[in-house]
Every structure is written in structure tokens, then in C-alpha cells.
Amino acid sequence: MPGDEDYILLTGTSNPALAKEIGRLLKHEVFEPISFFADGEVRVRIPENIRKRNVFVIQPTSNPANNNIMELMFMLDAARRASANEITAVVPYFGYSRQDRKEMPRVPVSASVVASMITGAGADRIVTVDIHSEQQQGFIKGPWDNLYGSFVLLPELKKILTSDDFVVASPDKGGVERATAFAKRLGALGIAIVFKHRDIDLHNTSEAMDFIGNINKKDVLLVDDLIDTGGTITNAANLLKSHGANRVFVAATHGVFSGNVIEKIEKSAIERVLITDTIAQPAKVAKHKKIQLVFVAPLVSHAINCIQTGESISKKLNP
Ligand code: R5P
């Protein structure tokens with residue numbers, strides 16, 4: 001691979017296992033430059049000369065988002081001040097991405113603030129996986145490659161959805177495009193759309209009101225970008241099941257998994273949930289009988305390879 005030696009990989013403490021797997025696939029050492037002072041402040045020291053070398057900083061900004069964002073900022077700043085060539089912030093899960101618009105008066109567009117911080121700290125480009133809304137790429141002037149978790153999820157789903165008598169469903173209107181893409185790729189009978197209601201003054205609660213689509217006696221695959229409290233997918237799954245759906249599966253890229261989400265999934269009509277490891281998961285999630293963890297390192301390592309060699313990411317990853 002041209003330029004193979006000219007880059008280094010760094011990881012913060014957010015998901016070192018993912019970074020190491022990416023490094024293993026790229027046959028590249030992954031440096032862990034973070035340590036902590038006694039008072040909890042972050043210290044970064046890159047152990048190698050990186051002058052004129054490309055740097056990829058791998059750090060999902062998941063919970064605790066603010067700590068993980070600060071680690072990312074300091075690694076980018078260290079790389080910039082050490083005269084690195086091109087610096088890429090690889091942020092498989094982009095915290096704050098749901099706060100992507102001014103949906104009411106006197107609120108920030110937090111995702112835009114974080115994106116500006118990343119480029120301000122020294123990144124020339126950003127790589128994400130299934131950012132909440134693709135137009136966020138416009139928050140920065142430079143390149144932002146958003147990868148699709150479907151690259152690793154679809155092969156696993158094909159093993160489960162073996163008959164063609166199934167429907168792909170979106171748990172809300174925002175996910176219709178994603179559901180349509182999955183339906184097309186998997187050869188589903190059609191799509192269904194659940195109508196979700198969220199009271200803007202209440203955090204973390206939503207209701208599945210109704211749906212359109214023919215799901216009676218059919219297996220259903222619900223797809224979403226992320227599962228946080230689990231309200232969206234469990235409400236949708238229960239609604240579809242109560243209207244005659246056969247088995248209900250769920251595929252989502254990011255397992256944010258807050259609060260009692262595991263309990264909700266256990267009690268729900270959901271047969272199995274597939275999530276990727278963009279966010280590090282504790283053993284109780286990774287080993288849960290209803291949950292299947294799908295590894296995202298092949299996708300991210302292909303993208304790093306393309307950035308380094310100048311190949312087309314879309315040609316390689318969305319053929
Ligand atoms: C919403 O637009 C997102 O795509 C997810 O459906 C939502 O954020 C999931 O949150 P929760 O699991 O808390 O319902």
C-alpha cells in the first residue's frame with residue numbers, strides 16, 4: 001500500500017478495544033497517549049516522532065461524552081503541535097449528534113459546536129459512522145466521511161432473515177430513508193413506518209402512536225441509527241407485534257444504552273437486537289442472549305486505508 005508507513009494510529013480511553021482491532025486489521029501499532037493527573041485532568045504524550053506523518057485519532061465520544069471529547073481535543077492539539085501532516089479525527093460514535101438543529105428558541109446547536117471544536121483543535125478531516133443526520137457534514141469546511149454501519153450489519157442480517165417474507169420498518173419518520181435502503185439491500189417485501197410522538201418538554205420519553213405498512217404475519221426488521229433508553233425501538237416493536245407481526249428483529253449502529261434499556265429489551269416483543277461496537281459495551285450487553293454485537297473495525301479500517309492511499313471510499317464500501 002503506498003504511504004503505508006507514513007501514518008500512525010492513536011486512541012483515547014473511550015474504546016481502545018475497537019482501536020486495537022482497527023490497528024490489527026491495518027497491521028499498525030495503536031498508541032495510547034492518555035494518562036491522568038492526580039486531580040483527574042487529562043495528560044497526553046505521543047511517544048513517537050510524528051513530524052510530516054498522517055495521524056488518525058480514534059475516539060468515539062460516547063458517555064462520558066464531555067470527558068471523551070476533551071481527550072480527543074488534547075490528542076488533536078498534541079498532533080498539530082508536533083507538526084503532523086494530515087490529522088483525521090475518527091469518531092465512530094459522535095456524541096451530541098442528536099442536537100443538530102435549533103428545534104426551539106434559545107437552545108444551542110451542540111453538534112455544530114463539537115464539530116467546530118474538533119477542527120479548531122487541529123483535525124483536517126472527520127470520519128464518523130452513521131452520524132445522526134448527514135447534513136452535519138456541513139458544520140465544517142473540510143472533508144467529513146460518514147460511513148454506513150450497514151456495511152457490517154447487512155451480512156449478519158442476511159443470515160437471520162433467510163425467507164423473503166419480511167418487512168423493514170422505521171421506528172420514526174426520520175429513519176424512512178435508512179429503512180428503505182436496508183429493505184432494498186435485503187430484498188424485503190416492503191417497508192413500514194411507525195409514527196413516534198415525542199413531547200419536546202420531556203427528555204428521553206416517546207410514544208409509538210400508529211404505523212403504516214403491511215406487517216400482518218410477517219417478520220419485521222426495525223432499523224435505527226442508535227438505541228439510547230430503548231423507548232423508541234421497544235415501543236415500536238410492541239406496537240407492531242400487537243398488530244400481528246411475526247418475529248421482530250432490530251438492527252442499530254450505536255448502542256448508547258442508557259438507564260434500564262436492557263430490562264426494556266428483555267420485556268419487549270423483540271426477538272434479537274444487532275448493534276455494532278462503535279461504543280464499548282460491558283459484558284452484560286455483549287453476552288446478552290437477545291443482543292448480538294457486530295464488529296465495526298473492518299469498515300473503519302477500510303476507510304482509513306482509503307484515506308491513506310487516496311482510493312474512493314464510496315466505491316470500496318458502498319459498491
Ligand atoms: C431519534 O431520532 C433516533 O434516531 C433514535 O430513534 C432515538 O434517539 C433513540 O432514543 P431512545 O432509545 O432513547 O428512544
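Values in this document were obtained by computation on a predicted structure and should not be read as measured data. Whatever order the structure lists ligands and atoms in, that order sets their numbers, starting from 1.
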Could you tell me, atom by atom, which parts of ligand 1 come under 4.0 Å of a heavy atom of [X]?
X      : value
Gly230 : 11 (P), 12 (O), 13 (O)
Asp172 : 1 (C), 2 (O), 6 (O)
Gly231 : 12 (O), 14 (O)
Leu226 : 5 (C), 8 (O), 9 (C)

How close does the nearest protein non-hydrogen atom get to [atom], and which residue and atom is it?
atom                    : answer
atom 13 (O) of ligand 1 : Thr229 OG1, 2.5 Å
atom 4 (O) of ligand 1  : Asp225 OD1, 2.6 Å
atom 8 (O) of ligand 1  : Arg98 NH1, 3.0 Å
atom 14 (O) of ligand 1 : Thr232 OG1, 2.5 Å

Practice problem: Specify side chain, backbone, both or neither for Asp224, according to which of its non-hydrogen atoms lie closer than 4.0 Å to ligand 1. | Solution: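 For Asp224, only side-chain atoms sit under 4.0 Å from ligand 1.
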
Quiz item: Where on Lys196 is there a heavy atom closer than 4.0 Å to ligand 1, on the side chain, on the backbone, on both, or on neither?
Solution: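 Looking at Lys196 and ligand 1, just side chain atoms fall under 4.0 Å.
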
Quiz item: With the threshold set at 4.0 Å, does a side-chain nitrogen-carboxylate oxygen contact exist between Lys290 and Glu266?
Solution: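 Looking at Lys290 and Glu266, the cut-off is not met.
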
Quiz prompt | Sub-4.5 Å side-chain heavy-atom contact between Thr13 and Asn68 | solution =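 Contact flag for Thr13/Asn68 side chains = yes.
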
Quiz prompt | Polar atom proximity, Asp228 to ligand 1 (N or O, under 3.5 Å) | solution =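 Among all N and O atoms of Asp228, at least one is under 3.5 Å from an N or O of ligand 1.
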
Self-check item: Minimum heavy-atom distance between Pro60 and Asn15, given as atom pair plus value
Solution: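 So the minimum-distance heavy-atom pair works out to CG-CB, 3.7 Å.
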
Quiz prompt | Selection from His132, Arg178, Arg198 by shortest heavy-atom distance to atom 7 (C) of ligand 1 | solution =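 Ranked by closest heavy atom to atom 7 (C) of ligand 1, first place is Arg198.
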
